[in-house]
Every structure is written in C-alpha cells, then in structure tokens.
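Have a look at the structure below, then the notes.
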Number of protein chains: 2
Amino acid sequence: MTMPKYKRLSPETRASELVQAGLQVLSRGGITAFTIENICKASGASRGLVGHYFGGKDGLLAACYGAAYAPLLESIAEDKAPLTLNGLIEELLSERHLRRDGMAIWLALWGEVAVNPVLQAEHLRHYRSYRTAIAQATARHFGRDAPAATDETLAAALIALLDGIWLEACIAPTEMDLGRARAAIEILLKGAAR
Amino acid sequence: MTMPKYKRLSPETRASELVQAGLQVLSRGGITAFTIENICKASGASRGLVGHYFGGKDGLLAACYGAAYAPLLESIAEDKAPLTLNGLIEELLSERHLRRDGMAIWLALWGEVAVNPVLQAEHLRHYRSYRTAIAQATARHFGRDAPAATDETLAAALIALLDGIWLEACIAPTEMDLGRARAAIEILLKGAAR
DNA sequence: ACCATTATTGGATGACCGTTCAACAAAGAA
DNA sequence: TTCTTTGTTGAACGGTCATCCAATAATGGT
C-alpha cells in the first residue's frame, strides 16, 4: 500500500483554499502574520503554490481583500429579501458580520489599504455599490422614488457608523456588543427620518 | 576642527524623537514598515537605541500607541473651552484630527490592537475616559445635570461614527471629506436630541 | 587637562522573509 | 501498462529582520 505524498486539487479549489487560509491567518495574527509560511501551513499546501496561483504574496492579499467583501455584497444583493432599511441594518448587525474573527480581518486589511493604492482602487469600486444599495434602501424607507442627495449622505453616514461599530466591537468587545450596537444605531437613526 | 560623530541627547528627548519617528513611519507605510531600521533612519538614531530605551520593538510600539492618543485626549481635556457638544464635534472634525497622516496612524495601529491584548488593555483605559468626556458634553447639551445611560449610548455611537468617518476619509478620501463628514454627523445627530 | 559617567554606535548573529525553479508525482488517456 | 499532462514539492538563494553587546566617544565635573 502506497500512500500518496499529496493530493492534487483543481486550480479553483486550490486557489480558494489558499484565500481562505489567508483570511484565517489575517484574523488570527493581523497583517504581520500574513506570511507565505503561515498561510501555507494553515492551508496544508507547500510554499511554492502561492507564487504559482497568485504571482506572489501581494496577489494573494488582493484576492483575500476581494473575498472579504463577498459576504457584504451578498447581504445587499438585489435578489435578497425586500431590502427594507430596518431589515438591511438588522442583516448587517447579524452574527454573520459581527463575528470577531471576520472583523479582525477588516482591521488587518484597512491598515494595508491605507498605504496601498491598488487596494484603494479595489475598495472604491466595492464601496460605491455598497453605498448605492444602502441609499436605495433609505430612499424607499422614506417613500422616495429614487435616491436623493440626502440618501447618499445618509448612506455614507450609516456605513461610517457601521464601520466604527465593527471597529469598536473588535478592539474593545466589552464596550460594544450587539445590544449596544443596536442602541447606538437606533439613537442616531431615530431623527434622521426627514 | 573635529566634527562630533553624533549628538548626545537627554533620554527624554531621544525617546520622544524615536516615538515621533515611529509615528511617521506608521503613517507612511503602515505596520509592515514599522521596522527598527526604518524608524532609526527616520529619527537619525542608530539601531541599538530602540532596545536601549524601549526594551525592543514592541515597547516602542506601545509608546507610539499612547502618543497617538495624546492629541485626542488634549482635545477633550476639561481645562479647554466650555466643551459644548457642537464645539467638541467641530474640534474632533478639525484639521488637527482629520489629517490623512494622522488617520493612517490609527489604521495601522488598530490592526495591531485587534490581535495584541496588551494594546487592547491600553486602548480600554483611554477609550473610557474619552467616552465619559463626550457623555458629559451630551448631558450638558440636553440640559441634564449628570450623564444618563442615554448619554453613554449616544457617546459610544458618536465615537463609532467618528472612527468610521476617519476610516473612510483615510481609505477613500474622494468619498469622505470634511464637508461630507459634517453632513453625515448632522443628518444623524439631528434627531438624537431627546 | 584629566577623569568618570553614560549616551551612542554598528558589527555579529541567528531567525525568518519572499521568490525561484528543477525535480517529482498524481491522475487521466491511450 | 505506459505515456502525457500538469499540479505540487521543497531546497537554495539573497535579502531583511530584531536583538545583543563590546567598543566608542560626547559631555560635564574636577
């Protein structure tokens, strides 16, 4: 009986597993732990594969950034639910997004985006569609046909507020949990209805 | 004429210069650029001094984190101005805090705080006094003698909102400038007055 | 001018980094 | 079985990292 030295995976599967391992490493140790060695150990792959599938560490990081956005974009996808404002907020505060490991990924990535123009460009694309989706929800919520300038402002404010809540929940979990997050949004959103 | 090989500084001066250099490096290249070599080059010091004054890189990073908080704590210091809510907000949105380099420092640090318990403890101390100061301002703004639970919630919400605004202004400066930040806060704060 | 103090230097060291690539082997086809 | 394709391995490389510490030299007191 001969045990195979390794398992061959399809390129898509292997690439996906490397990305997932990259996200796991980011959430556990931040950007400084994002090394080829750590990632490959977490993925059960050998060091050479990162270069083979992503051209290098930066390529994998960009892929990880895109992958981090995926759950967010899914949550605001048109085909989902009716997308009322309240439903949208509840969804964004759900355990799917408020998990500590997921938030740590964002913190690790944001620090890199701040000094990496390539990632900034990628961020801008996603951010715009994200904000547009929220602006449409607020417009509907206030009975408008199409988003007005007010809705864009409100959407930008909401995104900033949510980002801040995720941030606090990650670096000071005792001070910001789901209950406080709901209360914070409610107290600020209460009077925006005009 | 013999030119001295180096200049002797007092321990306090030298330590302070290393911290400033550390902050500069963080703002320019994020946490991955926070290396002894980069810091000492920026500071005009030699590599050995970081170990001598801070015990190592981690010690310097902790000192930099404390130093990053300094401007924030100054802005909310009791002895300053009357600390009305509007004045406080205007101060926190002023050029002193909304500078891109200063915000990049926060982004670099947050990613590290998320995975470093020592920095988290330090954050908690500062965060609490920060929030208390804001809660007192909101209490006064709404004519209450002492901060109520509502004020703490509102303060936490405001801090999250401001953090989010700083974040967006840093990674997507075209989408979040001073004008939009003001508008975002106004639209959300308009109805919180109850 | 000399000495004691002490801030500072920078070479040495060992660990770890990302990348490259020739050799290898798993899996399917013939 | 044998061959071809192609996903995978891991040693080798040059570079950078943090840390240590013996040697050095700037400074102030005498």
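Below, each value reflects all heavy atoms present in this structure, side chains not excepted, and no hydrogens, waters or symmetry copies. Residue numbers begin at 1 in each chain, while the letters A, B, ... track the order of the sequences.
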Could you pull out every donor-acceptor pair under 3.5 Å between side chains of residues 16-34 of chain B and any protein atom, sequence neighbours left out?
| from | atom 1 | to | atom 2 | distance (Å) |
| --- | --- | --- | --- | --- |
| B:Gln24 | OE1 | B:Arg28 | NH2 | 3.1 |
| B:Ser27 | OG | B:Gln24 | O | 3.0 |

Exercise. Going by heavy atoms closer than 4.0 Å, what residues in residues 11-28 of chain A are next to DNA chain C?
Worked result: none

Problem set entry | Contacting residues from residues 44-64 of chain A, given that a heavy atom lies under 4.0 angstrom of DNA chain C | A:Arg47, A:Gly56, A:Lys57

For this session: Mind checking side chain to side chain donor-acceptor pair (under 3.5 Å) for B:Arg128 and listing every partner two or more places apart, or none if nothing turns up?
Result: A:Glu175

Seminar exercise, completed: When rounded to whole Å, the CD1 to P distance for the pair A:Ile31 and D:dC17 reads 16 Å

Donor-acceptor contacts under 3.5 Å from residues 164-172 of chain A side chains, at least two apart:
none

Exercise. Hey, what's the ring geometry for B:Tyr69 with B:Trp106, parallel, tilted or perpendicular (30° and 60° as the breaks)?
Worked result: perpendicular

Exercise. For the rings on B:Tyr127 and B:His123, is their centre-to-centre separation under 6.0 Å?
Worked result: yes

Problem set entry | Other residues, nucleotides, ligands: >12 heavy atoms within 6.0 Å of B:Arg180 CZ | yes

Problem set entry | Pair A:Tyr65 and A:Trp110, ring centroids less than 6.0 Å apart | no

Exercise. What are the 5'-most and 3'-most nucleotides of DNA chain C lying under 4.0 Å from any heavy atom of chain A?
Worked result: C:dC17 to C:dA27

Problem set entry | Salt bridge B:Lys41-B:Glu37, side-chain N to carboxylate O under 4.0 Å | no

